[in-house]
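Please read all numbers here as calculations on a predicted model, not as lab measurements.
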Amino acid sequence: MSETPSNTLQYRFDGPEEAPVLILGPSLGTTWHMWDRQVPELAKQWRVFRFDLPGHGGAPAHPAGSVAELSARLLATLDALGVQRFGYAGCALGGAIGIELALRHPARLASLAVVAASPRFGTADEFRQRGVVVRTNGLDPIARTAPDRWFTGGFAAAQPAITEWAVQMVRTTDPGCYIAACEALASFDVRPELGRVGAPTLVLVGSDDQVTGPAEARTLVAGIPDARLAVVPGASHLVPVEQPAAVTDLLVHHFSTAWQQPYDTGQTALPGTPAVPVPVPAAAPQPAPVAEIAPAAVPAQPTGQADRYETGLKVRREVLGDAHVDRALAQADEFSGDFQEFVTRYAWGEIWDRPGLDRRTRSCITLTALVAGGHLEELAFHTRAALRNGLTPDEIKEVLLQAAVYCGVPAANSAFRVAQQVIREETTPAE
């Protein structure tokens with residue numbers, strides 16, 4: 001266990017001190033205990049390092065809003081311990097951290113396994129919407145539906161203790177850190193970069209995963225040059241919990257047979273210990289079912305400095321959502337296309353991207369201006385944007401009350417009616 005400053009992560013070690021380090025990364029809403037069933041076998045060959053995400057499992061609540069920041073905190077933790085080179089296996093958000101490490105810090109990574117992961121997790125809208133629900137209702141609605149997302153129906157019914165453990169694990173997570181982790185997943189998209197992952201990679205997925213299923217796994221395998229696919233039957237999203245023996249066998253086989261030697265053979269796994277090669281079992285049968293997919297060529301990506309339009313499009317999507325922006329752009333024609341470009345480039349690429357005000361403050365100003373101008377249609381989608389930017393329904397109410405004094409009661413009356421409907425739609429948890 002560890003004392004945890006804000007730039008590092010809560011962690012624990014299992015296994016012999018002289019063994020190579022193998023890191024196990026958790027998914028959103030879970031703790032390091034999701035890997036409990038894998039540790040006894042893995043710790044026979046590796047020094048197993050597990051960590052908790054910020055605000056999860058009693059870890060200090062220092063939110064991290066990007067996968068890059070979570071990766072940096074993990075590396076800072078490892079640096080403080082003297083761990084230079086390691087294998088890494090991560091589930092969902094933990095898998096995204098592994099891909100980030102492979103792309104940005106390839107010399108540190110000897111081998112990689114990603115479980116229930118994707119190069120892009122759904123849409124940014126989905127995760128930002130989840131953040132709105134948590135900000136308004138707390139984590140209880142998310143906790144109650146976690147078993148449906150994580151396990152097959154048969155497993156959840158047969159294992160009520162594990163199902164309740166899953167609910168309580170989410171319920172006791174810090175809401176602010178959960179929202180920040182949702183933002184990290186919303187902004188994660190490495191599809192154009194997969195061809196640069198150099199570590200030997202196992203992509204592991206449950207056959208019944210409805211969150212990041214076999215289709216997403218095949219996208220990873222097609223993009224990563226040295227990747228193999230393992231589909232575990234009878235498992236959903238938290239496949240290490242639902243099918244622990246199959247996952248353990250797959251991880252042992254992968255890390256025993258696909259461990260790149262360090263570029264500098266003088267690197268050490270732990271301070272004061274020589275580099276230790278991973279033992280390869282004399283007869284390590286590959287667990288079934290494992291399907292190998294030939295790597296796909298990844299086209300070269302154009303480079304160059306993004307202009308204000310590209311910046312504006314990114315900000316516009318983050319604030320208003322992909323669905324709204326896609327509709328607006330799809331409706332543009334020869335007559336209105338220049339206007340859409342102007343709005344994207346100037347309003348979003350110049351003004352909304354200025355550092356002088358944060359997005360919460362800009363949302364407050366925008367709502368007030370729309371009330372004053374009577375622009376109710378735009379008020380509706382900017383109410384959604386305000387929720388995405390972190391305003392609570394109570395804060396939006398205060399903005400509209402303030403507007404009533406200076407813009408007039410009739411204008412505020414219409415604004416309250418529009419905003420109330422939007423808030424009901426956006427903050428009602430999905431059944």
- request: Give a yes or no on whether Arg37 atom CZ has more than 12 heavy-atom contacts from other residues, nucleotides or ligands under 6.0 Å away.
  value: no

Pair Asp208-Thr152, side chain to side chain donor-acceptor pair (under 3.5 Å): steps then yes or no: CA-CA 7 Å; Asp208 300 326; Thr152 60; 5.6 Å; no

message: Test side chain to side chain donor-acceptor pair (under 3.5 Å) on Asp358 and Thr361; report intermediate values, then the result.
response: CA-CA 6 Å; Asp358 61 29; Thr361 304; 2.7 Å; yes

message: Suppose we screen for salt bridge (charged side-chain N to carboxylate O under 4.0 Å, His left out). Which residues come up paired with Arg316, at least two apart in sequence or across chains?
response: none

Could you go through residues 369-379 and list every donor-acceptor pair under 3.5 Å that involves a side-chain atom there, pairing it with any protein atom two or more places apart or in another chain?
none

Straight-line distance of [X] [atom1] to [Y] [atom2], nearest 0.5 Å:
{"X": "Leu81", "Y": "Arg47", "atom1": "CG", "atom2": "CZ", "answer": "9.0 Å"}
{"X": "Tyr309", "Y": "Trp348", "atom1": "OH", "atom2": "CH2", "answer": "13.5 Å"}
{"X": "Met34", "Y": "Ser27", "atom1": "CE", "atom2": "OG", "answer": "5.0 Å"}
{"X": "Arg73", "Y": "Phe51", "atom1": "CZ", "atom2": "CZ", "answer": "12.0 Å"}

Salt-bridge test for [X] and [Y]: reply yes if a basic N is under 4.0 Å from a carboxylate O, no otherwise.
{"X": "Arg191", "Y": "Asp189", "result": "yes"}
{"X": "Asp140", "Y": "Arg144", "result": "yes"}
{"X": "Glu318", "Y": "Lys314", "result": "yes"}
{"X": "Arg360", "Y": "Glu395", "result": "yes"}
{"X": "Arg228", "Y": "Asp226", "result": "yes"}
{"X": "Arg128", "Y": "Glu183", "result": "yes"}

Do [X] and [Y] get their side chains close enough for a donor-acceptor pair, meaning under 3.5 Å?
{"X": "Tyr346", "Y": "Arg308", "answer": "no"}
{"X": "Gln402", "Y": "Glu398", "answer": "no"}
{"X": "Thr30", "Y": "His56", "answer": "no"}

- prompt: Heavy atoms, side chains only, cut-off 4.5 Å: are Pro119 and Ile99 in contact?
  reply: no

Val239 vs Val205 side-chain heavy atoms within contact, under 4.5 Å: no

query: Just one of Val21, Leu74, Leu24 clears the side-chain contact (heavy atoms from CB on, under 4.5 Å) bar with Tyr88, so which one?
result: Leu74

query: Under 6.0 Å between the ring centres of Phe49 and Phe86?
result: no

task: Run the numbers on Arg384 and Asp125 for salt bridge (charged side-chain N to carboxylate O under 4.0 Å, His left out), then give the verdict.
output: CA-CA 11 Å; Arg384 290 187 176 88; Asp125 288 354; over 6 Å; no

